[in-house]
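Notes follow the structure.
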Amino acid sequence: MTQDHLATELPNFPMTRTCPFSPPAQYAKLRESEPLSQAVLKVTGKPAWLVTTHEHVKAVLGDSRVSSNLKLPGYPHQFHIPEEMLREVRLMLLSMDPPDHTAQRRYLIPEFTARRMRALRPRIQEIVDARIDAILAAGGPVDLVSALALPVPSLVICELLGVPYEDHPQFEEWSALMMNHDISPEEYGAAVVGLDMYLDKLITAKEAEPGDDLISRFIEKNREEPIADHTDIVTMARLMLVGGHETTANMISLGVLGLLEHPEQLDAVKADPELLPGAVEELLRFFSISDSGTARVALEDIELDGVVIKAGEGILSLNNSANHDESVFPDADTLDIRREEARSHLAFGYGIHQCIGQNLARIELEIVYGTLFRRIPGLKLAVPMSELRFKDEALVYGVHELPVTW
């Protein structure tokens, strides 16, 4: 495939949203006409396969013939990583293949079981109540992102990992930079190095004096049956810390906005809190905030629906597109908190890399949505919807600020 062919015949990826509440319009066209197609990655100028239907996304993510290893040639990078940095980068859980992935995930799964997450519910409720107390004391208007959406998951993941929350301004800044695919390679590298140096000191301290937290328990398990060195643990901690607050924070903001902009759905939740778990699933499906965690590279030729993806070619399985597949979610662009099939969404991925923190995210979202609209029933946007700035430049979609009043 020539550069001229790439430049003239293939669309660019990522594609631009025309409505903040909907995936890019091209997704629907591709699902209909060419569910397995190719595009050019804007960041690298290289081609990659786009997989757009619910059925095909599940097939690819569940296929052992694809790899998550971002060091392999053909891997579809969506952000700048200098070659010299890529050579040195340590693979993290999200970019590992079995058996390394299996071993590390086995240590982490007991930390995120549904039972263990339910035990955290009272503490998460305390955190949410305290933040809403502060919002009410300050009076409106307030920016709900900085006052609630970001601090709640950040506080929760800090307590879970044993990371001092007082350091949050710095690590949240590094996290935000790493989520931005428009920054320079130098800025990206500096953010990763900065966060890794911070975590290196923290983990060195925990290795000398373990506490009662996830990282300390990982260190102690690893002493009994070594599967990781110090740098591996730093890398694992980076993934947990960044993934544990960036994604949930954006879903809190978008979910609140989605309910405010669909008052009939919000009224139903207020009238019957039993609808909250279903509302969380539907909001996760409706917004599907990231297509970035499902990048793969084919390890051998894979035939799918008559199309052959050759060994070494990059694949992006678009869960945002899959979650708007009309064959699975009728009237998919409509927010319907009573949608029976909502839990079939792929917002947390699928297969061996399905999000390990999904039970925690569900509980956080349910508590935040339920508590916020119960305690501030008159919550409303403080600015016109047209003035909101959405994160079109980020690997995880969201809204930069959400001014609200009551």
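Quick caveat, the model's predicted, so the values are computed rather than measured.
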ask   = According to the interplanar angle, ranging from 0 to 90°, do the rings of H345 and F348 count as parallel (below 30°), tilted (30 to 60°) or perpendicular (above 60°)?
value = tilted
ask   = Would you call D325 and R285 a salt bridge, taking side-chain N to carboxylate O under 4.0 Å as the test?
value = no
query = Of the non-hydrogen atoms in D196 and V234, which two are nearest, and what is the gap between them?
reply = O-CG1, 3.8 Å
key: Trace of the salt bridge (Lys or Arg N to Asp or Glu O under 4.0 Å) decision for D229 with R90   = CA-CA 11 Å; D229 63 19; R90 188 67 65 102; 2.9 Å; yes
inquiry  = Could you tell me if Y27 and N323 have a donor-acceptor pair between their side chains, going purely by distance under 3.5 Å?
reply    = no
inquiry  = Do the side chains of E220 and R217 get close enough for a salt bridge, i.e. N-O under 4.0 angstrom?
reply    = no
key: side-chain contact (heavy atoms from CB on, under 4.5 Å) partner of L254, the single match among L402, I289, L283, L259   = I289
query = Counting only heavy atoms not in Q354, do more than 12 sit closer than 6.0 Å to its CD atom?
reply = yes
ask   = Hey, does the side chain of H324 reach the backbone of F286 with a donor-acceptor pair shorter than 3.5 angstrom?
value = yes
message = When you measure from the centre of the six-membered ring of Y397, is the NZ or CZ of R17 closer than 6.0 Å and no more than 45° off the axis?
response = yes
inquiry  = For S146 and D143: C-alpha separation, side-chain torsions, deciding distance, then whether side chain to side chain donor-acceptor pair (under 3.5 Å) applies.
reply    = CA-CA 6 Å; S146 58; D143 170 26; 3.1 Å; yes
request  = Check for a donor-acceptor pair, side chain of R131 on one end and backbone N or O of A149 on the other, with a separation under 3.5 Å.
outcome  = no
query = Would you call the rings of F287 and F21 parallel, tilted or perpendicular if under 30° counts as parallel and over 60° as perpendicular?
reply = perpendicular
ask   = Just wondering, more than 12 heavy atoms not from E274 lying within 6.0 Å of its CD?
value = no
key: Cationic N near anionic O, under 4.0 Å, E261 to K380   = no
note = NZ (K58) and OG (S344) are apart, to the nearest 0.5 Å, by 7.0 Å
query = Do the side-chain N and O atoms of T334 and D336 include a donor-acceptor pair separated by under 3.5 angstrom?
reply = no
key: Modelled atom types, side-chain donor and acceptor of Y107 and N222, under 3.5 Å   = no
ask   = Does a side chain donor of either D232 or T235 reach within less than 3.5 Å of an acceptor in the other side chain?
value = no
message = With a 3.5 Å distance limit and no angle check, can you tell me whether K71 reaches the backbone of R87 through a side-chain donor-acceptor pair?
response = yes
task = Please find out if less than 6.0 Å separates the ring center of H54 from that of F329.
result = yes
More than 12 heavy atoms of other groups within 6.0 Å of D212 CG = no
request  = Kindly say whether L91 contributes a backbone atom to a donor-acceptor pair with the side chain of S95 at under 3.5 angstrom?
outcome  = no
key: Side-chain ion pair, R375 and D133, N-O less than 4.0 Å   = yes
key: Which atom of L199 lies closest to which atom of A237, heavy atoms considered   = CD1-C, 3.9 Å
request  = Flag yes if more than 12 heavy atoms outside R338 fall under 6.0 Å of its CZ atom; otherwise flag no.
outcome  = no
request  = Give the C-alpha distance, both sets of side-chain angles, the deciding distance and a yes or no for side chain to side chain contact (heavy atoms under 4.5 Å, CB included) between L304 and D63.
outcome  = CA-CA 11 Å; L304 195 60; D63 197 319; over 6 Å; no
inquiry  = For the residue pair S154 / E172, report whether a side-chain donor-acceptor contact shorter than 3.5 Å exists.
reply    = yes
task = Report yes if some heavy atom in the side chain of F171 is under 4.5 Å from a heavy atom in the side chain of C158; otherwise report no.
result = yes
key: Ion pair E281/R362, N-O distance below 4.0 Å   = yes
key: T294 and N319 side chains, donor-acceptor separation under 3.5 Å   = no
query = Hey, is E341 close enough to R339 for a salt bridge, meaning N to O under 4.0 Å?
reply = yes
inquiry  = Taking the ring centre of each residue, are H353 and H101 less than 6.0 Å apart?
reply    = yes
E364 side, atom CD; N359 side, atom CG - distance, nearest 0.5 Å = 11.5 Å
note = Smallest heavy-atom separation, I337 atom then A268 atom, equals CD1-CB, 4.0 Å
inquiry  = Working to the nearest 0.5 angstrom, can you tell me the gap between Q26 CD and T16 OG1?
reply    = 7.0 Å
message = If you count heavy atoms of other groups shown closer than 6.0 angstrom to CE of M385, is the number above 12?
response = yes
query = Within a reach of under 6.0 Å around CD of E264, are more than 12 heavy atoms found that belong to other residues, nucleotides or ligands?
reply = yes
